[in-house]
Amino acid sequence: MHISNGFKVLILTTASGLTVPALAQSAPPSLPAAEAAAIGPASGRLDAGLEVAVSYDDNIYVTRNREQDDFYLIVRPSLKLRLGSGDTTLTVRGAGEIARYADLSSEDYDDWSLAGDARTALSKTLSLTGGAEWRWDHESRASPDAVSGIEPTRYQRGFGYLGIIGSSGKLTGRLAGTVTRHDFDDVPGAGVTINNDDRDRLQGEIGARGGVRVTSGTELFVQGAFDWRDYDLQTDDAGYRRKSEGLNIAAGVRRKLSDAWSAELFAGWIRRDYRDPRLLDVDGWDIGAVLDWTGDKGLGGSFRLDRSVEETTLPGASGYIATSGRLALRADVGPRLTAGIGLSGSHYDYVGADRSEFVIGGDLWVRQWLSRHIYLGVDYSHAERSSNAAGSDYDQNRFRVSLGVELRPRHTGDAPRVAWRGAAPGGAYVGLLASHATLITGIDGPRGPGSNTADFGDMGGGVVAVAGYGVLAGRLYLGIEAEAALAGPDWQHSADRVFSMSKDNAVGLSARAGWATPHSDLIYTRFGITSTRFGTEYAHDASAYSQAERRTGFSAGFGVEARAGRRGFVRAEYLVASHDDFDVPTGDGDFDNFSPNETQFRVGGGIRFGRVAAATEELQSMRFDGAYLGFQIGHGALVTANQGVRSGGTELDVTRASRGGLLGLYGGYGTLIGRGFLGLEAEADISAINWNIDREANGRTYSAEHDYSFGGTARAGLLIGEAALIYARVGALRTRFDIDYATSGLAVRSRETRTGVRYGGGIEVGLGPRARLRLDYTITDYASYDVEYGRNADHFDHSETLFRVGLSWRL
């Protein structure tokens, strides 16, 4: 998650230690640097480090079709010097990242940064803080503003800040100012040089925050900031004047919920005015949240939610509203072993242009200190984008193995050997799961003098057998699992061309890493390699093609296992999988490129064969009754049956589908009747789950997108053990769908709000006396409708699958 609003960086940090992160447009979720940097306590004035890593990226150019992968070497030097003590400190930092690719040498980069932060106490109640940073960086290929250059876009960025923090009795206050300078280099393109001078700019901001402590551990506050963005060139390459001024105001509360939990929440209003009258001004809600958890035995976690208005050079768009959330969990197994997992979601809504995107990702990292100064690291990340711009979707998997050395020791002495054990939930196990999946295929190929880019897919069920083995080190779980799946979804396109794809069977091998709760429930993430047999058929004119071949792919997922009896368990998990793309002959020497991927929810149970450890402490039962509020990050697929008449009177009958992310809020009330549960719940979300088709140069271009939804459901469930709840749900909601439909002669836009029936279920586990983690899967069927264009019409019948990870707080 990135926070580009400089003032928010200052006001959301604690007064005891301001740390200003890099504020440039960030890449999709990758290495969890913040979590990795917090492995050990700070000590000493000088620290230096060097990390060497071998990495693999399966989609370097973040494309939907014709992906390119590569290995690359990364070298990361760093130096940090801390001067002063007590009331006055100065910290100077320098770091670099040098990457060299094995095959795609045009992607090589050398990034550097130099920064300093200072702090001094002016009095017992007043402190002055300031700092500056200069970065020589490159823009990620996945950036919303990335251009399609032969090389990545390189830029320099300078940032400075100055702030005053004070308190007197029950009153607190902060005043801060920031200034940021961006300078982008031109980049070579396909036979041209892409000009980036119109992105060079100077940004300034000044803001204040005042609060009052109303009770012990609770502070109410108001805050506001004014900022300006001034570009070097009066107009950009498209002729727009992008100079603007902005204002945001908000009110909120900061509270220490318990010894382990603290939270901050605020809501307000964002406004931005643009100098060019053709660019729409921005008015919208602002929201922010910070939730921190410090558990016992080295456990911890955090949640961040932020909203901001970002710059763009997309013609006609004044900017985009970025709404981002991140959930992270960390486990310090011992002085030498630390691991963590994270989930992220970012929604980009462009103002003044018909474009919206959602980027969702997950990551897993493990650090093992081999000695006081040397560590071994393993990192994995998955990221994907869903966009209403045809061909802009992607999914990406990245692996990294690193060896590092640091001058400052990360533990005070030799650590005892990690005690790996096979007690539940560790040990061997077998299980049988039912699955519900959506097979999605992006197709790109020639059509006459132009091209066709389109999404296809459908839902279907299957069955999966799993067997594996896991071990525990404290509460850290590491394991390996083999699986075999039968059946799966299939889809078909029927018009002048008839083609289809089906999933027949799959086998795979995955690694699992997770955290065992005190009640022996397991929360885990997983990633692995899968081999899937796909059947593909294609008939066009006199050409007919049929094949059934195995395709290799990567899968990543998140799940929960709840203990059921002494050896039984109930599992619910969600996976996304991407497979190698391939070409299919369509006749006359042409080919369509098929890029298959899949979303899959699994639920079932199994038996563990490991030793059942005797309880060493009396555990408190978790409560699932009462009122609650929560936030959720989701992922799902929009599946649409689409019929219509095409040129020459051909009848089109096809199922279109694609996947995307979601951010949402929920709240409700539940009651227990014995071990049974009954409850009501309200929910709301924003999303960019969509599919699209783009037929160039003469043809139909249209898309369908889930924009937002709200509604309510009833829940009924059963307690399993002392800390888990399995439940079913059913209810109704209203969802707005946005369909843009254009042919060579006309264009229409349909925004329909349809009622849907939502049903599904999930599993919920307790993290503490009030905190609960939920995995929820639903299917929603909507009322169908027609989109009319001229004298013709297309028929649309939407269905939707949603998987959501929710973190809630019992009120």
Side-chain angles (χ1 to χ4, degrees), residues 2 4-7 23-26 134-160 177-206 225-248 270-284 307-322 348-357 387-389 391-392 740 742 747 749:
H2 72 280
S4 62
N5 185 318
F7 177 65
L23 302 182
Q25 177 65 52
S26 63
W134 194 270
R135 299 181 66 89
W136 296 263
D137 214 333
H138 77 285
E139 195 168 47
S140 166
R141 291 288 187 179
S143 166
D145 298 317
V147 296
S148 300
I150 297 175
E151 301 173 353
T153 301
R154 291 171 173 81
Y155 65 91
Q156 297 182 46
R157 175 191 165 277
F159 173 73
T178 69
V179 61
T180 308
R181 169 68 182 173
H182 293 274
D183 188 356
F184 292 86
D185 293 344
D186 295 342
V187 60
V192 298
T193 297
I194 301 174
N195 176 47
N196 278 317
D197 291 338
D198 60 346
R199 300 176 63 185
D200 298 344
R201 62 187 182 268
L202 183 68
Q203 299 179 190
E205 184 174 21
I206 186 169
F226 172 78
D227 74 280
W228 59 95
R229 302 174 184 180
D230 193 3
Y231 283 77
D232 293 0
L233 299 181
Q234 187 171 354
T235 61
D236 65 13
D237 290 346
Y240 290 93
R241 302 179 65 190
R242 295 199 167 273
K243 183 178 181 179
S244 65
E245 293 83 31
L247 177 69
N248 65 77
I270 297 176
R271 178 173 177 83
R272 177 155 294 279
D273 298 318
Y274 292 86
R275 183 66 57 89
D276 195 320
R278 295 171 297 172
L279 296 178
L280 295 179
D281 295 336
V282 177
D283 282 290
R307 207 157 196 248
S308 60
V309 180
E310 303 294 335
E311 298 296 284
T312 184
T313 54
L314 184 69
S318 44
Y320 60 89
I321 300 175
Y348 306 120
D349 186 13
Y350 286 77
V351 179
D354 181 28
R355 183 167 179 175
S356 63
E357 299 175 340
S387 173
N388 64 354
S392 296
D740 281 335
R749 184 170 189 176

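This is a predicted model, so every value here is computed, not measured.
- To the nearest 0.5 angstrom, Asp232 atom CG is 8.5 Å from Asp197 atom CG.
- Arg271 meets the salt bridge (charged side-chain N to carboxylate O under 4.0 Å, His left out) test with Asp273, Asp281, Asp283; sequence neighbours excluded.
- A donor-acceptor pair under 3.5 Å is formed between the side chain of Asn196 and the backbone N or O of Asp185.
- Evaluation of the salt bridge (charged side-chain N to carboxylate O under 4.0 Å, His left out) rule for Arg749 yields Asp354, Asp738, Asp740 as partners, not counting sequence neighbours.
- Between Tyr274 and Arg229 the shortest side-chain heavy-atom distance does not fall below 4.5 Å.
- Note that Arg278 lies in the cation-pi zone of Tyr240, set by a 6.0 Å cut-off to the ring centre and a 45° limit from the axis.
- At distances below 3.5 Å, not a single donor-acceptor pair connects side-chain atoms of Asp227 with backbone N or O atoms of Gly204.
- Taking every heavy atom of both residues into account, Glu310 and Ser308 meet most closely at OE2-OG, 2.7 Å.
- Nearest approach of Arg141 to Gly149, heavy atoms of both residues: NH1-O, 2.9 Å.
- With contacts defined as side-chain heavy-atom distances shorter than 4.5 Å, the pair Arg272/Ile270 does not qualify.
- Residues Asn248 and Glu205 meet the side-chain proximity criterion, which asks for heavy atoms closer than 4.5 Å.
- The two residues Ala353 and Leu314 make their nearest non-hydrogen contact at CB-CD2, 3.9 Å.
- Judged by distance alone, with hydrogens and angles left aside, the side-chain atoms of Asp230 form no donor-acceptor pair with the main-chain N or O of Leu202 at under 3.5 Å.
- Remark: His182 NE2 to Arg201 CZ distance equals 4.5 Å, nearest 0.5 Å.
- Contact of the Asp198 side chain with the Tyr231 side chain is not registered, since no non-hydrogen atoms from C-beta on lie closer than 4.5 Å.
- Salt bridge Arg242/Glu311: absent, no basic N to carboxylate O contact under 4.0 Å.
- With a 4.5 Å cut-off on side-chain heavy atoms, Val282 and Ile321 count as touching.
- Within the 4.5 Å cutoff, the side chain of Gln234 has no heavy atoms near those of the Lys243 side chain.
- Side-chain contact between Asp145 and Glu139 is present, with at least one heavy-atom pair separated by less than 4.5 Å.
- Distance CG/Asp236 to CZ/Arg241: 11.5 Å, rounded to 0.5 Å.
- Between Tyr350 and Ala317, the shortest heavy-atom contact is CD2-CB, 4.3 Å.
- Closest of all the heavy-atom pairs between Pro144 and Tyr320 is CG-OH, 3.7 Å.
- Across Arg275 and Glu245, no two heavy atoms sit closer than the pair NH2-OE2, 3.9 Å.
- Between the side chain of Asp183 and the backbone N or O of Asp200 there is no donor-acceptor pair closer than 3.5 Å.
- With respect to the salt-bridge test (charged N to carboxylate O, under 4.0 angstrom), the residues Asp237 and Arg199 do not qualify.
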